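One-based numbering, in listed order, for ligands and for the atoms of each. The shown structure was predicted, so the numbers you read here are calculated from the model rather than taken from an experiment. Start at 1 with the first residue, then count along the sequence.
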Amino acid sequence: MEVVKMKSEPVLPWMRRPVDVTNFEERTLEAVPCLDPRLKVALQKMSISSLFPVQLAVWQETIGPGCFERDLCINSPTGSGKTLAYALPIVQMLSNRAVKFLRALVVLPTRDLALQVKEVFSAIAPAVGLSVGLAVGQSSIADEISDLVKRPKLEAGICYDPEDHFQDLQSAVDILVATPGRLMDHINTTKGFTLEHLCYLVVDETDRMLREAYQAWLLTVLQLTRSNYESHFRCGNTFNHSIFGSLKTIRRCGVERGFKDKPYPRLVKMV
Ligand SMILES: Nc1ncnc2c1ncn2[C@@H]1O[C@H](COP(=O)(O)OP(=O)(O)OP(=O)(O)O)[C@@H](O)[C@H]1O
């Protein structure tokens, strides 16, 4: 008798226990639990008086009882408010950080989409003291670098060792919205640009990001953010470029990385 072996595919928790957004109703800002009052004011300035169902569902999974316990894959129709659905919880989660590090990275396939998303973050993040950067190739790389990396003030007449100077470079932004090409440029060439403090990675327009030839950035970002927890994240032999070229990669990474007490960053994927 022939025994047919089923190949075991990793399954993300959200696939096993999906949260149905249609069970949620729009809710006024006053009724949103734990919403930082400063963010409430910022939203009101954007003429937003309530959260849409997908935003409330994501809020529940992040700031609410779900408490960012797992990675998220958010799937809802165009125009349903997915951008704010991930931007609001990320900004609220980072609002208490005292030291500025690049902690959230949002990657989108095109400059225009990135600009739109940056606008949303810029409308709420400054209310809680966070800065948002853009890396899309809209301006020269030199201008982008000076927006993204803070250089210490040098005193005239003192001779500085370039190595010490490099150590003193700091991120000028807490949140970065980027396209893959410019992101890779900064990773490869910008001194002081580091992903070592990254807590949240958003892959927006995921279907497009994975269909087109952008995948090398994902491998690089995941490798750069795993340095502190090599033992948790089996990358070396298990993952290779061909595997990284498929949605399976993100599923696997979600399985490996997506739980509390497991390695950061949390992944948020927008389909
Ligand atoms: N809570 C809200 N109240 C009022 N308007 C909102 C709210 N949330 C988002 N919007 C507005 O709804 C529009 C659509 O939002 P958004 O672009 O985030 O949708 P989306 O689901 O990301 O769409 P896409 O799939 O095209 O990326 C935007 O103009 C945005 O300003």
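Taking every heavy atom of Thr83 and a limit of under 4.0 angstrom, the matching atoms of ligand 1 come to 16 (P), 17 (O), 18 (O), 22 (O). Proximity to Glu205 (heavy-atom distance under 4.0 Å) selects the following atoms of ligand 1: 27 (O). Interface of Ile48 with ligand 1, defined as ligand atoms under 4.0 Å from a residue heavy atom, comprises 1 (N), 2 (C), 3 (N), 4 (C), 7 (C). Close approach of ligand 1 to Ser50 is summarised as follows: ligand atoms under 4.0 Å from at least one heavy atom of the residue are 1 (N), 2 (C), 3 (N).
Other residues, nucleotides and ligands place no more than 12 heavy atoms under 6.0 Å from the CD atom of Glu119. Around CD of Glu30, the count of heavy atoms belonging to other residues, nucleotides or ligands within 6.0 Å exceeds 12.
No N or O atom of Ser76 sits closer than 3.5 Å to an N or O atom of ligand 1. Ligand 1 has an N or O atom lying under 3.5 Å from an N or O atom of Gly81, backbone or side chain.
Within the 4.0 Å heavy-atom criterion, the part of Pro77 lying near ligand 1 is the backbone and not the side chain. With a 4.0 Å cut-off on non-hydrogen atoms, Ser49 does not touch ligand 1 at all.
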(request) Show your reasoning for whether side chain to side chain donor-acceptor pair (under 3.5 Å) applies to Asp112 and Thr110. (result) CA-CA 6 Å; Asp112 287 348; Thr110 68; 5.8 Å; no
(message) For Leu35 and Trp59: C-alpha separation, side-chain torsions, deciding distance, then whether side chain to side chain contact (heavy atoms under 4.5 Å, CB included) applies.
(response) CA-CA 9 Å; Leu35 177 62; Trp59 189 259; 3.8 Å; yes
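Cys34 approaches Ile63 most closely through the heavy-atom pair CB-CG2, 4.0 Å. The two atoms that bring Asp147 and Val173 nearest to each other are O-CG1, 3.9 Å, heavy atoms only.
For atom 13 (C) of ligand 1, the nearest non-hydrogen atom from the set Gly79, Ala123, Ser80, Ala87 belongs to Gly79. Within the set Lys82, Gln55, Gln116, the minimum heavy-atom distance to atom 20 (P) of ligand 1 is found for Lys82.
Phe101 and His197 have parallel rings, their planes meeting at less than 30° on a 0 to 90° scale where 60° marks the start of perpendicular.
In this structure, Met46 has no heavy atom closer than 4.0 Å to ligand 1. Proximity of Ser47 to ligand 1 is not established, as no heavy-atom distance is less than 4.0 Å.
The residue from Val117, Leu72, Val106 that alone fulfils the side chain to side chain contact (heavy atoms under 4.5 Å, CB included) condition with Val202 is Val106.
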